[in-house]
Amino acid sequence: MIDNASFAEQARSEKYTGVPYAKLDCQAFVEEVLKDAGARKADGTLYNWKGSNSMWRNALSWKGTISECMKKFGCIPLGAWLFIVSPDGGEKEKGYNDSEGNAKHVAIYCKPGETPVRDSTRSNTRNGVGYRSLNAFTHVGLPFM
């Protein structure tokens, strides 16, 4: 078990900065930070989900919208995972028989300030690991590490 503050500190490590998205996509970035922080499953193996949708459904002890998180905890806790979740009704097409929406991206809340989120993305402004603002994200999840 690792604590969320240690996980957030690991996410800020410069070793990830600029690693291209093709080598470390959003899911792989979160898994790499977990590995480097020493997080393992109960049987000692590394975490390996099948994308951000799998993480959204199988890796969290609590999840909700950003406003629900703020109401419950008074802040977004360091080390929380941030998601872009779309309630598009396409869960069954993606193999999920629920109405939890589809998580299209995952990131780590790792520091206070203007760019508190660390993730890996491929966009017009960045290709790989870096920081961004909170405004693109819709949901928060607290991992059960």
Side-chain angles (χ1 to χ4, degrees), residues 1-88 90-91 94 96 98-145:
M1 292 286 279
I2 62 166
D3 64 82
N4 286 351
S6 296
F7 178 66
E9 182 179 339
Q10 181 63 45
R12 292 190 302 267
S13 171
E14 286 302 311
K15 78 175 260 181
Y16 310 113
T17 301
V19 174
Y21 184 84
K23 290 188 177 186
L24 206 60
D25 67 14
C26 65
Q27 169 202 338
F29 169 65
V30 173
E31 290 175 348
E32 186 74 9
V33 173
L34 283 168
K35 179 186 81 147
D36 292 347
R40 303 288 187 272
K41 294 180 194 177
D43 66 2
T45 60
L46 297 174
Y47 290 100
N48 184 14
W49 289 281
K50 295 177 182 176
S52 52
N53 252 334
S54 177
M55 297 169 101
W56 173 245
R57 288 172 167 80
N58 301 306
L60 307 173
S61 62
W62 181 90
K63 60 184 164 184
T65 65
I66 290 175
S67 61
E68 289 168 339
C69 181
M70 296 298 286
K71 185 176 179 182
K72 182 169 180 75
F73 302 105
C75 66
I76 297 174
L78 285 176
W81 295 359
L82 296 164
F83 293 88
I84 299 171
V85 177
S86 174
D88 59 11
E91 293 87 347
K94 297 194 186 311
Y96 299 103
D98 59 30
S99 58
E100 293 190 25
N102 286 301
K104 299 176 183 210
H105 190 65
V106 62
I108 302 167
Y109 185 79
C110 63
K111 66 178 187 169
E114 290 183 28
T115 53
V117 180
R118 194 105 201 247
D119 70 348
S120 182
T121 189
R122 184 176 43 216
S123 69
N124 293 336
T125 58
R126 179 166 44 98
N127 179 5
V129 178
Y131 290 99
R132 72 155 92 182
S133 71
L134 186 61
N135 64 4
F137 297 90
T138 61
H139 288 72
V140 179
L142 302 180
F144 60 83
M145 15 182 200

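Numbers for residues simply follow the sequence, beginning at 1.
For K72, there are no salt bridge (Lys or Arg N to Asp or Glu O under 4.0 Å) partners, not counting sequence neighbours.
Checking side-chain atoms of N53 against main-chain N and O of A103 turns up a donor-acceptor pair under 3.5 Å. Side-chain N or O atoms of S120 include none that pairs as donor or acceptor with a backbone N or O of F29 at under 3.5 Å.
For the pair K63 and V85, the minimum side-chain heavy-atom distance is 4.5 Å or more. Two residues are said to be in side-chain contact when any heavy atoms from C-beta on lie closer than 4.5 Å; W56 and H139 meet this criterion. Side-chain contact between T121 and R132: present, with at least one pair of heavy atoms (C-beta onward) separated by less than 4.5 Å. Between F73 and L142, some side-chain heavy-atom pair lies under the 4.5 Å cut-off. Looking only at side-chain heavy atoms (C-beta outward), Y131 and R12 come within less than 4.5 Å of each other. Taking 4.5 Å as the limit, every side-chain heavy atom of S99 sits out of range of all side-chain heavy atoms of P87. Contact check for W62 versus C69: side-chain heavy atoms found under the 4.5 Å cut-off. Side chains of V140 and Y109 form no contact here, defined as non-hydrogen atoms less than 4.5 Å apart.
The heavy-atom pair separating C110 from A8 by the smallest distance is CB-O, 3.6 Å. Between P116 and S133, the shortest heavy-atom distance links the atoms CD-CA, 4.1 Å. Taking every heavy atom of both residues into account, F83 and S52 meet most closely at CE2-O, 3.8 Å. Across all non-hydrogen atoms, the minimal contact from L34 to W81 is CD1-CZ2, 3.9 Å. Nearest heavy-atom pair across V117 and A107 is CG1-CB, 3.4 Å. The two atoms that bring A59 and W49 nearest to each other are CB-CZ2, 3.3 Å, heavy atoms only.
With values rounded to the nearest 0.5 angstrom, I76 atom CD1 is found 10.0 Å from F137 atom CZ. Atom CD of E9 is separated from atom CG of N4 by 13.0 Å, given to the nearest 0.5 angstrom. Taken from CG in L78 to NZ in K111, the straight-line distance is 11.5 Å, to the nearest 0.5 Å. Put simply, CD1 on I66 and CG on L82 are 6.0 Å apart, with the number rounded to the nearest 0.5 Å. Interatomic distance, SG of C26 versus CZ of R118, reported as 14.5 Å (0.5 Å rounding). Within the model, atoms NZ of K23 and CG of N127 stand 11.5 Å from one another, a figure rounded to the nearest 0.5 Å.
Between E32 and K35 there is a salt bridge, since at least one side-chain N of the basic residue sits less than 4.0 Å from a carboxylate O of the acidic one.
More than 12 heavy atoms of other residues, nucleotides or ligands lie within 6.0 Å of NZ in K41, so this atom counts as buried by the packing criterion.
A donor-acceptor pair shorter than 3.5 Å cannot be found between the side chains of Q27 and Y47.
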Kindly indicate, with the supporting measurements, whether the criterion side-chain contact (heavy atoms from CB on, under 4.5 Å) is fulfilled by T45 and R40. CA-CA 6 Å; T45 60; R40 303 288 187 272; over 6 Å; no

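Partner of H105 under the side chain to side chain donor-acceptor pair (under 3.5 Å) criterion, chosen from D25, T138, D119: D119.
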